[in-house]
Undergrad: 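I have a structure here, written as C-alpha coordinates, and I will follow up with some questions on it.
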Amino acid sequence: MQAVVFEQWKTFPTLKDVERPSPGPGEVLLKVAGAGACHSDVAVFREFDAEHGPAQLQPSYVLGHENSGWVEELGEGVDGIAIGDAFLVYGPVGCQHCAACSRGQDTYCQNAAEMPYLASGLGRDGGMAEYVAVPARNLVPLGDADPVAAAPLSDAGLTPYHAIKLALPHLAGGGRHALVIGLGGLGQIAVQILTAITGATVIATDTKPDAMARAERAGALTVPGGEGQAAAIRELTGGKGVDAVFDFVGAAPTIQLSAAVAALRSRITVVGIAGGHYDWNFYGVPYETELTSTYWGTIEELHEVVALYRAGKIVPENEYYALDDALEAYRRLEAGELSGRAVITPHGR
Ligand code: NAD
Ligand code: ZN
(Lines give C-alpha, C1' and ligand atoms only; values in the text may rest on other atoms or scores of the structure.)
(Ligands and ions follow the chains in the order given, each with its own letter.)
Protein backbone atom coordinates (compact mmCIF):
# COMPACT_ATOMS: atom_id res chain seq x y z
CA MET A 1 0.00 0.00 0.00
CA GLN A 2 1.01 3.66 -0.40
CA ALA A 3 2.10 5.59 2.70
CA VAL A 4 3.79 8.86 3.73
CA VAL A 5 6.97 7.75 5.45
CA PHE A 6 9.28 9.77 7.70
CA GLU A 7 12.54 8.01 6.95
CA GLN A 8 15.36 10.06 8.49
CA TRP A 9 15.81 12.90 11.00
CA LYS A 10 15.61 16.37 9.44
CA THR A 11 14.32 15.00 6.16
CA PHE A 12 11.04 15.76 4.36
CA PRO A 13 8.83 12.64 4.22
CA THR A 14 8.47 10.45 1.13
CA LEU A 15 5.50 8.74 -0.48
CA LYS A 16 6.31 5.08 -1.00
CA ASP A 17 5.04 1.54 -1.12
CA VAL A 18 5.03 -0.27 2.24
CA GLU A 19 3.52 -3.50 3.45
CA ARG A 20 -0.08 -3.35 4.60
CA PRO A 21 -0.08 -3.78 8.41
CA SER A 22 -1.87 -6.60 10.13
CA PRO A 23 -3.48 -5.92 13.52
CA GLY A 24 -1.66 -7.36 16.52
CA PRO A 25 -3.39 -8.76 19.62
CA GLY A 26 -5.85 -6.18 20.97
CA GLU A 27 -5.61 -4.10 17.80
CA VAL A 28 -7.85 -3.41 14.85
CA LEU A 29 -6.96 -2.64 11.26
CA LEU A 30 -8.68 0.52 10.00
CA LYS A 31 -9.24 1.46 6.39
CA VAL A 32 -8.22 5.12 6.68
CA ALA A 33 -11.03 7.64 6.10
CA GLY A 34 -9.04 10.79 6.88
CA ALA A 35 -5.58 11.69 8.18
CA GLY A 36 -4.92 15.29 9.18
CA ALA A 37 -1.61 17.07 8.61
CA CYS A 38 -0.62 18.72 11.91
CA HIS A 39 1.99 21.44 12.26
CA SER A 40 3.73 19.28 14.88
CA ASP A 41 4.76 16.95 12.05
CA VAL A 42 6.82 19.81 10.63
CA ALA A 43 8.75 19.94 13.91
CA VAL A 44 9.10 16.15 13.76
CA PHE A 45 10.71 16.08 10.32
CA ARG A 46 12.55 19.43 10.46
CA GLU A 47 13.68 20.15 14.00
CA PHE A 48 14.15 16.99 16.01
CA ASP A 49 17.07 14.59 15.97
CA ALA A 50 18.71 12.04 18.26
CA GLU A 51 19.93 14.82 20.61
CA HIS A 52 16.91 17.13 20.51
CA GLY A 53 13.38 15.79 20.92
CA PRO A 54 11.81 12.59 22.29
CA ALA A 55 13.85 9.46 21.53
CA GLN A 56 10.61 7.62 20.66
CA LEU A 57 10.26 9.76 17.53
CA GLN A 58 13.25 8.01 15.94
CA PRO A 59 12.36 7.29 12.28
CA SER A 60 11.35 5.38 10.21
CA TYR A 61 7.52 5.17 10.37
CA VAL A 62 4.35 6.27 8.62
CA LEU A 63 3.26 9.80 9.65
CA GLY A 64 -0.30 10.85 10.55
CA HIS A 65 -1.37 11.14 14.21
CA GLU A 66 -4.87 12.54 13.59
CA ASN A 67 -6.88 9.74 12.06
CA SER A 68 -10.29 8.26 11.40
CA GLY A 69 -11.36 5.13 9.58
CA TRP A 70 -13.60 2.13 9.06
CA VAL A 71 -12.87 -1.19 10.77
CA GLU A 72 -11.45 -3.62 8.24
CA GLU A 73 -10.12 -6.46 10.41
CA LEU A 74 -9.98 -7.42 14.10
CA GLY A 75 -6.81 -8.59 15.82
CA GLU A 76 -6.66 -11.47 18.29
CA GLY A 77 -8.80 -10.99 21.40
CA VAL A 78 -10.87 -8.11 20.02
CA ASP A 79 -14.65 -8.40 19.97
CA GLY A 80 -17.69 -6.17 20.26
CA ILE A 81 -16.55 -4.06 17.30
CA ALA A 82 -18.34 -4.40 13.97
CA ILE A 83 -16.47 -4.55 10.68
CA GLY A 84 -17.23 -1.43 8.64
CA ASP A 85 -18.10 0.83 11.58
CA ALA A 86 -16.51 4.31 11.63
CA PHE A 87 -14.21 5.47 14.43
CA LEU A 88 -11.98 8.33 15.36
CA VAL A 89 -8.57 7.30 16.68
CA TYR A 90 -7.19 8.50 20.00
CA GLY A 91 -3.55 8.89 18.94
CA PRO A 92 -1.42 8.55 22.09
CA VAL A 93 -0.47 4.99 23.04
CA GLY A 94 0.84 4.49 26.57
CA CYS A 95 1.43 1.32 28.57
CA GLN A 96 -2.37 1.15 29.10
CA HIS A 97 -2.13 0.10 32.78
CA CYS A 98 -0.51 2.90 34.81
CA ALA A 99 -2.61 5.47 36.70
CA ALA A 100 -2.46 8.01 33.85
CA CYS A 101 -3.38 5.49 31.15
CA SER A 102 -6.16 4.15 33.39
CA ARG A 103 -7.84 7.53 33.30
CA GLY A 104 -7.46 7.62 29.50
CA GLN A 105 -4.55 10.02 29.59
CA ASP A 106 -1.89 8.09 27.67
CA THR A 107 -0.15 11.42 26.99
CA TYR A 108 1.17 11.32 30.54
CA CYS A 109 1.85 7.58 30.73
CA GLN A 110 4.11 6.92 33.72
CA ASN A 111 5.98 4.29 31.72
CA ALA A 112 6.49 6.50 28.64
CA ALA A 113 10.27 6.25 28.93
CA GLU A 114 10.07 2.48 28.33
CA MET A 115 7.56 2.77 25.49
CA PRO A 116 9.03 2.44 21.98
CA TYR A 117 6.67 5.11 20.57
CA LEU A 118 4.45 8.00 21.68
CA ALA A 119 1.42 7.68 19.45
CA SER A 120 0.07 6.50 16.11
CA GLY A 121 2.17 8.44 13.60
CA LEU A 122 4.65 9.50 16.30
CA GLY A 123 7.11 6.63 16.57
CA ARG A 124 4.74 3.91 15.32
CA ASP A 125 2.98 3.73 11.97
CA GLY A 126 0.22 6.33 11.62
CA GLY A 127 -2.66 7.08 9.31
CA MET A 128 -1.12 8.70 6.22
CA ALA A 129 -1.61 5.40 4.43
CA GLU A 130 -4.36 3.24 3.04
CA TYR A 131 -4.57 1.25 6.30
CA VAL A 132 -3.44 1.67 9.90
CA ALA A 133 -3.38 -0.72 12.87
CA VAL A 134 -4.37 0.82 16.22
CA PRO A 135 -5.23 -0.49 19.71
CA ALA A 136 -8.96 -1.25 19.88
CA ARG A 137 -9.05 0.68 23.17
CA ASN A 138 -8.15 3.87 21.26
CA LEU A 139 -11.28 3.84 19.08
CA VAL A 140 -13.96 6.47 19.67
CA PRO A 141 -17.21 5.70 17.82
CA LEU A 142 -18.50 8.20 15.27
CA GLY A 143 -21.88 6.54 14.70
CA ASP A 144 -23.40 7.90 11.50
CA ALA A 145 -21.28 11.10 11.49
CA ASP A 146 -18.94 11.69 8.53
CA PRO A 147 -15.58 10.07 9.44
CA VAL A 148 -13.63 11.81 6.65
CA ALA A 149 -14.38 15.34 7.87
CA ALA A 150 -13.94 14.22 11.49
CA ALA A 151 -10.25 13.26 11.27
CA PRO A 152 -8.81 16.57 12.61
CA LEU A 153 -10.88 16.24 15.77
CA SER A 154 -8.46 13.71 17.17
CA ASP A 155 -5.75 16.36 17.58
CA ALA A 156 -6.83 19.77 16.24
CA GLY A 157 -10.08 19.27 18.18
CA LEU A 158 -8.89 17.35 21.24
CA THR A 159 -5.86 19.51 22.09
CA PRO A 160 -7.75 22.82 22.34
CA TYR A 161 -10.68 21.05 24.05
CA HIS A 162 -8.40 19.74 26.81
CA ALA A 163 -6.74 23.15 27.27
CA ILE A 164 -10.11 24.93 27.36
CA LYS A 165 -11.60 22.49 29.86
CA LEU A 166 -8.69 23.07 32.24
CA ALA A 167 -9.25 26.84 31.89
CA LEU A 168 -13.03 26.68 32.47
CA PRO A 169 -12.88 28.07 36.04
CA HIS A 170 -11.49 31.26 34.50
CA LEU A 171 -14.23 31.45 31.87
CA ALA A 172 -17.27 30.59 33.98
CA GLY A 173 -19.57 33.49 34.84
CA GLY A 174 -20.59 36.66 33.06
CA GLY A 175 -18.26 39.19 31.46
CA ARG A 176 -15.41 36.77 30.74
CA HIS A 177 -12.99 37.00 27.81
CA ALA A 178 -10.88 34.42 26.01
CA LEU A 179 -8.10 35.12 23.50
CA VAL A 180 -7.00 32.72 20.75
CA ILE A 181 -3.63 33.47 19.13
CA GLY A 182 -2.91 31.58 15.87
CA LEU A 183 -5.95 30.58 13.85
CA GLY A 184 -4.77 27.51 11.94
CA GLY A 185 -5.94 23.93 12.32
CA LEU A 186 -6.13 24.02 16.15
CA GLY A 187 -6.97 27.70 16.64
CA GLN A 188 -10.05 27.68 14.39
CA ILE A 189 -11.54 24.74 16.27
CA ALA A 190 -10.59 26.43 19.58
CA VAL A 191 -12.82 29.38 18.62
CA GLN A 192 -15.70 26.99 17.90
CA ILE A 193 -15.24 25.11 21.19
CA LEU A 194 -15.02 28.32 23.25
CA THR A 195 -18.22 29.53 21.60
CA ALA A 196 -19.95 26.18 22.19
CA ILE A 197 -19.04 25.46 25.81
CA THR A 198 -18.40 28.85 27.45
CA GLY A 199 -20.27 32.14 27.60
CA ALA A 200 -17.03 34.09 27.20
CA THR A 201 -16.46 36.72 24.53
CA VAL A 202 -13.88 35.23 22.17
CA ILE A 203 -11.14 37.47 20.78
CA ALA A 204 -8.81 36.09 18.10
CA THR A 205 -5.73 37.08 16.16
CA ASP A 206 -3.53 35.75 13.36
CA THR A 207 -1.04 37.20 10.90
CA LYS A 208 -3.34 36.11 8.05
CA PRO A 209 -6.47 38.19 7.30
CA ASP A 210 -8.33 35.18 5.80
CA ALA A 211 -7.78 33.20 9.02
CA MET A 212 -9.22 36.11 11.03
CA ALA A 213 -12.21 36.38 8.68
CA ARG A 214 -12.91 32.70 9.27
CA ALA A 215 -12.74 33.14 13.06
CA GLU A 216 -15.16 36.07 12.80
CA ARG A 217 -17.62 33.82 10.99
CA ALA A 218 -17.34 31.43 13.97
CA GLY A 219 -18.26 34.24 16.35
CA ALA A 220 -14.93 35.78 17.39
CA LEU A 221 -13.94 39.45 17.53
CA THR A 222 -10.57 39.89 15.84
CA VAL A 223 -7.66 42.25 16.41
CA PRO A 224 -4.82 42.36 13.86
CA GLY A 225 -1.16 42.26 14.94
CA GLY A 226 1.11 45.26 14.99
CA GLU A 227 1.60 48.25 17.24
CA GLY A 228 -1.19 48.86 19.73
CA GLN A 229 -2.48 45.28 19.51
CA ALA A 230 -2.30 44.61 23.25
CA ALA A 231 -4.07 47.89 24.04
CA ALA A 232 -6.79 47.14 21.48
CA ILE A 233 -7.39 43.69 22.99
CA ARG A 234 -7.49 45.12 26.51
CA GLU A 235 -9.99 47.73 25.36
CA LEU A 236 -12.33 44.96 24.13
CA THR A 237 -12.30 43.56 27.68
CA GLY A 238 -13.31 46.90 29.18
CA GLY A 239 -9.76 47.33 30.49
CA LYS A 240 -9.65 44.34 32.87
CA GLY A 241 -7.77 42.03 30.51
CA VAL A 242 -8.30 38.52 29.18
CA ASP A 243 -9.33 35.72 31.57
CA ALA A 244 -7.92 32.82 29.54
CA VAL A 245 -5.36 33.07 26.72
CA PHE A 246 -4.65 30.17 24.35
CA ASP A 247 -1.43 30.66 22.38
CA PHE A 248 -1.33 28.30 19.39
CA VAL A 249 2.01 29.69 18.23
CA GLY A 250 4.25 29.70 21.31
CA ALA A 251 6.87 32.11 19.95
CA ALA A 252 8.44 34.76 22.21
CA PRO A 253 6.28 37.61 20.80
CA THR A 254 3.02 35.67 21.22
CA ILE A 255 3.83 34.70 24.82
CA GLN A 256 4.70 38.36 25.46
CA LEU A 257 1.37 39.40 23.97
CA SER A 258 -0.40 36.85 26.19
CA ALA A 259 1.27 38.29 29.29
CA ALA A 260 0.52 41.86 28.19
CA VAL A 261 -3.23 41.28 27.89
CA ALA A 262 -3.74 38.87 30.82
CA ALA A 263 -6.21 39.84 33.57
CA LEU A 264 -5.64 39.44 37.30
CA ARG A 265 -6.00 35.75 38.28
CA SER A 266 -6.05 34.64 34.64
CA ARG A 267 -4.58 31.64 32.85
CA ILE A 268 -2.24 31.57 29.85
CA THR A 269 -1.95 28.22 28.06
CA VAL A 270 0.86 27.88 25.54
CA VAL A 271 -0.18 25.19 23.07
CA GLY A 272 2.11 25.99 20.13
CA ILE A 273 5.54 24.41 20.20
CA ALA A 274 7.62 27.22 18.68
CA GLY A 275 9.70 27.11 21.88
CA GLY A 276 9.75 30.88 22.48
CA HIS A 277 11.38 32.10 25.69
CA TYR A 278 9.57 34.23 28.22
CA ASP A 279 11.39 35.93 31.06
CA TRP A 280 8.94 35.51 33.96
CA ASN A 281 9.27 37.62 37.06
CA PHE A 282 7.00 38.60 39.94
CA TYR A 283 6.01 41.89 38.31
CA GLY A 284 5.76 40.56 34.74
CA VAL A 285 2.18 39.28 34.88
CA PRO A 286 -0.82 40.30 37.02
CA TYR A 287 -1.17 38.61 40.41
CA GLU A 288 -2.07 34.92 40.39
CA THR A 289 -1.86 34.62 36.62
CA GLU A 290 -1.02 31.04 35.68
CA LEU A 291 1.35 30.33 32.79
CA THR A 292 1.24 26.75 31.60
CA SER A 293 1.81 24.41 28.68
CA THR A 294 -0.43 21.53 27.60
CA TYR A 295 -0.22 18.29 25.65
CA TRP A 296 -3.06 16.70 23.61
CA GLY A 297 -5.94 15.28 25.76
CA THR A 298 -7.71 12.21 27.14
CA ILE A 299 -9.82 9.46 25.58
CA GLU A 300 -12.82 10.60 27.60
CA GLU A 301 -12.42 14.15 26.27
CA LEU A 302 -12.28 12.79 22.71
CA HIS A 303 -15.72 11.26 23.30
CA GLU A 304 -16.89 14.73 24.36
CA VAL A 305 -15.37 16.33 21.27
CA VAL A 306 -17.22 13.80 19.11
CA ALA A 307 -20.46 14.71 20.92
CA LEU A 308 -19.91 18.37 19.98
CA TYR A 309 -19.18 17.34 16.38
CA ARG A 310 -22.31 15.21 16.18
CA ALA A 311 -24.35 18.10 17.58
CA GLY A 312 -23.00 20.37 14.82
CA LYS A 313 -21.12 22.59 17.28
CA ILE A 314 -17.72 21.78 15.83
CA VAL A 315 -17.47 21.92 12.05
CA PRO A 316 -13.86 21.29 10.94
CA GLU A 317 -13.02 23.33 7.87
CA ASN A 318 -10.83 21.06 5.81
CA GLU A 319 -8.95 21.01 2.53
CA TYR A 320 -8.94 17.48 1.10
CA TYR A 321 -5.98 15.80 -0.60
CA ALA A 322 -5.59 12.41 -2.24
CA LEU A 323 -2.79 10.26 -0.81
CA ASP A 324 -0.80 10.98 -3.98
CA ASP A 325 -0.88 14.69 -3.06
CA ALA A 326 -0.04 14.26 0.66
CA LEU A 327 3.48 15.66 0.28
CA GLU A 328 2.03 18.76 -1.39
CA ALA A 329 -0.25 19.15 1.66
CA TYR A 330 2.80 19.11 3.97
CA ARG A 331 4.61 21.55 1.70
CA ARG A 332 1.68 23.97 1.86
CA LEU A 333 1.32 23.52 5.64
CA GLU A 334 4.98 24.37 6.12
CA ALA A 335 4.75 27.37 3.79
CA GLY A 336 1.68 28.72 5.62
CA GLU A 337 -0.39 28.41 2.45
CA LEU A 338 -3.29 26.38 3.87
CA SER A 339 -6.57 27.95 4.84
CA GLY A 340 -8.07 24.99 6.67
CA ARG A 341 -6.83 21.67 7.97
CA ALA A 342 -5.26 19.52 5.25
CA VAL A 343 -6.90 16.09 5.42
CA ILE A 344 -5.52 13.20 3.38
CA THR A 345 -8.27 10.90 2.07
CA PRO A 346 -6.62 7.65 0.89
CA HIS A 347 -9.95 6.20 -0.25
CA GLY A 348 -11.52 9.42 -1.55
CA ARG A 349 -14.43 11.41 -0.15
P1 NAD B 1 -1.18 25.70 11.62
O2 NAD B 1 0.02 25.86 10.78
O3 NAD B 1 -2.41 25.08 11.05
O4 NAD B 1 -1.63 27.11 12.23
C5 NAD B 1 -0.75 28.05 12.78
C6 NAD B 1 -1.42 29.42 12.66
O7 NAD B 1 -0.67 30.37 13.43
C8 NAD B 1 -1.46 29.94 11.22
O9 NAD B 1 -2.76 30.38 10.89
C10 NAD B 1 -0.45 31.10 11.24
O11 NAD B 1 -0.80 32.12 10.32
C12 NAD B 1 -0.55 31.56 12.68
N13 NAD B 1 0.61 32.29 13.17
C14 NAD B 1 1.92 32.00 12.98
N15 NAD B 1 2.69 32.90 13.61
C16 NAD B 1 1.86 33.79 14.22
C17 NAD B 1 2.05 34.94 15.04
N18 NAD B 1 3.27 35.37 15.35
N19 NAD B 1 0.96 35.60 15.49
C20 NAD B 1 -0.29 35.17 15.17
N21 NAD B 1 -0.53 34.09 14.41
C22 NAD B 1 0.53 33.41 13.94
O23 NAD B 1 -0.72 24.88 12.91
P24 NAD B 1 -1.56 23.90 13.84
O25 NAD B 1 -1.49 22.53 13.27
O26 NAD B 1 -2.86 24.52 14.18
O27 NAD B 1 -0.65 23.87 15.16
C28 NAD B 1 -0.49 25.04 15.96
C29 NAD B 1 0.64 24.81 16.96
O30 NAD B 1 0.21 23.88 17.95
C31 NAD B 1 1.90 24.22 16.36
O32 NAD B 1 3.01 24.78 17.04
C33 NAD B 1 1.78 22.75 16.68
O34 NAD B 1 3.00 22.09 16.67
C35 NAD B 1 1.19 22.85 18.06
N36 NAD B 1 0.48 21.66 18.57
C37 NAD B 1 0.60 21.44 19.89
C38 NAD B 1 -0.07 20.38 20.46
C39 NAD B 1 0.03 20.15 21.94
O40 NAD B 1 -0.44 19.10 22.40
N41 NAD B 1 0.58 21.06 22.71
C42 NAD B 1 -0.86 19.52 19.67
C43 NAD B 1 -0.96 19.79 18.31
C44 NAD B 1 -0.29 20.88 17.76
ZN1 ZN C 1 0.75 4.35 31.10
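Side-chain atoms are counted along with the backbone in the values below, which use heavy atoms only and exclude waters and symmetry mates. Remember, it's 1-based here, ligands and their atoms both numbered in the order they're listed.
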Undergrad: For atom 7 (O) of ligand 1, what is the closest protein heavy atom, and at what distance to 0.1 Å?
TA: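 Checked against all protein heavy atoms, atom 7 (O) of ligand 1 sits closest to Gly182 CA, 3.5 Å.
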Undergrad: Can you list the atoms of ligand 1 that are under 4.0 Å from a heavy atom of Thr294?
TA: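 Once the distances to Thr294 are compared, the set is 39 (C), 40 (O), 41 (N).
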Undergrad: Tell me: protein heavy atom nearest atom 15 (N) of ligand 1, and distance?
TA: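 In this structure, atom 15 (N) of ligand 1 has Val249 CG1, 3.8 Å as its nearest protein heavy atom.
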Undergrad: Between Arg234 and Ala260 (side chain of the first, backbone of the second, donor and acceptor by atom type, cut-off under 3.5 Å), is there such a pair?
TA: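 Pair found, side chain donor or acceptor close to backbone of Ala260.
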Undergrad: Around atom 44 (C) of ligand 1, find the nearest protein heavy atom and jot down its residue, atom name and distance.
TA: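 For this ligand atom, the closest protein heavy atom is Ser40 OG, 3.2 Å.
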Undergrad: Under 3.5 Å, is there a donor-acceptor pair between the side chain of Thr205 and the main chain of Val223?
TA: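 Here the side-chain-to-backbone pair exists.
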Undergrad: Pairs of nitrogen or oxygen atoms closer than 3.5 Å, one from Thr205 and one from ligand 1: do any exist?
TA: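 Looking only at distances, the answer is no, because the N/O contact criterion of under 3.5 Å is not met.
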Undergrad: Taking atom types as modelled, find out whether Thr269 and Thr292 have a side-chain donor-acceptor pair closer than 3.5 angstrom.
TA: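 The criterion, which ignores hydrogens and geometry beyond distance, is not satisfied for Thr292 and Thr269.
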Undergrad: Would you say the side chains of Tyr90 and Asp106 form a donor-acceptor pair under 3.5 Å?
TA: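 Asp106 and Tyr90 do not have a side-chain donor-acceptor pair below 3.5 Å.
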Undergrad: State, with a plain yes or no, whether a side-chain heavy atom of Phe6 is found less than 4.5 Å away from one of Leu57.
TA: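 Phe6 does not reach Leu57 side chain to side chain.
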Undergrad: Which protein heavy atom lies closest to atom 37 (C) of ligand 1, and at what distance to 0.1 Å?
TA: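 The protein heavy atom lying closest is Val271 O, 3.1 Å.
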Undergrad: How many degrees, to 10°, between Cys109 SG and Cys101 SG as seen from the Zn ion (ligand 2)?
TA: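 Taking the Zn ion (ligand 2) as the apex, I get 110° for this pair.
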Undergrad: For atom 26 (O) of ligand 1, tell me which residue out of Leu186, Leu257, Ile181, Asp41 has the closest non-hydrogen atom.
TA: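 Selected option, by shortest heavy-atom distance: Leu186.
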Undergrad: N/O to N/O below 3.5 Å, does that happen between Lys208 and ligand 1?
TA: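 No, since none of the N or O atoms of Lys208 sits under 3.5 Å from an N or O of ligand 1.
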Undergrad: If you count the non-hydrogen atoms of other residues, nucleotides and ligands that lie under 6.0 Å from NZ in Lys240, is the total more than 12?
TA: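 Atom NZ in Lys240 is crowded, with more than 12 foreign heavy atoms closer than 6.0 Å.
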Undergrad: Quick test: of every protein heavy atom, which one is nearest to atom 18 (N) of ligand 1, and how far off is it to 0.1 Å?
TA: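 Looking only at protein heavy atoms, the one closest to atom 18 (N) of ligand 1 is Thr254 CG2, 3.7 Å.
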Undergrad: I'd like to know if Asp146 and Arg349 make a salt bridge, using a cut-off of under 4.0 Å between side-chain N and carboxylate O.
TA: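 Looking at Asp146 and Arg349, the cut-off is met.
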Undergrad: Given side chains that start at C-beta, do those of Trp9 and Gln58 come closer than 4.5 Å, heavy atoms only?
TA: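 A side-chain contact exists here, since the closest heavy-atom pair is under 4.5 Å.
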Undergrad: Quick test: of every protein heavy atom, which one is nearest to atom 23 (O) of ligand 1, and how far off is it to 0.1 Å?
TA: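 It is His39 CB, 3.2 Å.
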Undergrad: Distance under 4.0 Å to a non-hydrogen atom of Ile273: what atoms of ligand 1 satisfy this?
TA: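 Numbered from 1, ligand 1 contributes 32 (O), 34 (O).
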Undergrad: For the CZ atom on Arg331, are there more than 12 heavy atoms of other groups (residues, nucleotides or ligands in this structure) within a distance under 6.0 Å?
TA: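 Counting neighbours around CZ of Arg331, more than 12 heavy atoms of other residues, nucleotides or ligands fall under 6.0 Å, so yes.
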Undergrad: Can you pull out the closest protein heavy atom to atom 25 (O) of ligand 1? Residue, atom name and distance to 0.1 Å, please.
TA: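 Answer for atom 25 (O) of ligand 1: Arg341 NH1, 2.6 Å.
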Undergrad: Nearest heavy atom to atom 39 (C) of ligand 1 wins, so pick from Leu338, Val44, Thr159.
TA: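 Looking at heavy atoms only, the winner is Thr159.
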Undergrad: Please determine which of Glu66, His65, Arg46 meets the side chain to side chain contact (heavy atoms under 4.5 Å, CB included) test together with Asp41.
TA: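 Testing Asp41 for a side chain to side chain contact (heavy atoms under 4.5 Å, CB included) against Glu66, His65, Arg46 leaves exactly one candidate, His65.
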Undergrad: Leu333 to ligand 1: N or O pair under 3.5 Å?
TA: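 Such a contact does not occur with ligand 1.
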Undergrad: Angle at the Zn ion (ligand 2) between SG of Cys95 and SG of Cys98, to 10°?
TA: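 Taking the Zn ion (ligand 2) as the apex, I get 110° for this pair.
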Undergrad: Within less than 2.8 Å of the Zn ion (ligand 2), any N, O or S from His97?
TA: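 Within the cut-off used here (under 2.8 Å), His97 places no N, O or S atom near the Zn ion (ligand 2).
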Undergrad: At a 4.0 Å threshold, what atoms of ligand 1 neighbour a non-hydrogen atom of Gly272?
TA: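 Ligand 1 atoms under the 4.0 Å threshold to Gly272: 29 (C), 30 (O), 32 (O), 35 (C).
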Undergrad: Check this for me, if you would: do Glu301 and Lys165 make a salt bridge, where the nitrogen-to-carboxylate-oxygen distance has to be below 4.0 angstrom?
TA: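 No, no charged N to carboxylate O under 4.0 Å.
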Undergrad: In this structure, does ligand 1 have an atom that sits under 4.0 Å from one of the heavy atoms of Cys38?
TA: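 Flag set, Cys38 near ligand 1.
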Undergrad: Checking a contact table here: which protein heavy atom is nearest atom 8 (C) of ligand 1, and how many Å away?
TA: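 It is Asp206 OD2, 3.5 Å.
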Undergrad: For the pair Trp296 (side chain) and Gln105 (backbone), establish whether a donor and an acceptor sit closer than 3.5 Å, ignoring hydrogens and angles.
TA: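 No; judged by distance alone, with no hydrogens or angles, the pair does not exist.
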Undergrad: Hey, which atoms in ligand 1 end up nearer than 4.0 Å to a heavy atom of Tyr295?
TA: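 Counting atoms of ligand 1 from 1, those under 4.0 Å from Tyr295 are 40 (O).
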Undergrad: Is Arg103 salt-bridged to Glu300, going by a charged N under 4.0 Å from an acidic O?
TA: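 A salt bridge is absent here (no side-chain N lies under 4.0 Å from a carboxylate O).
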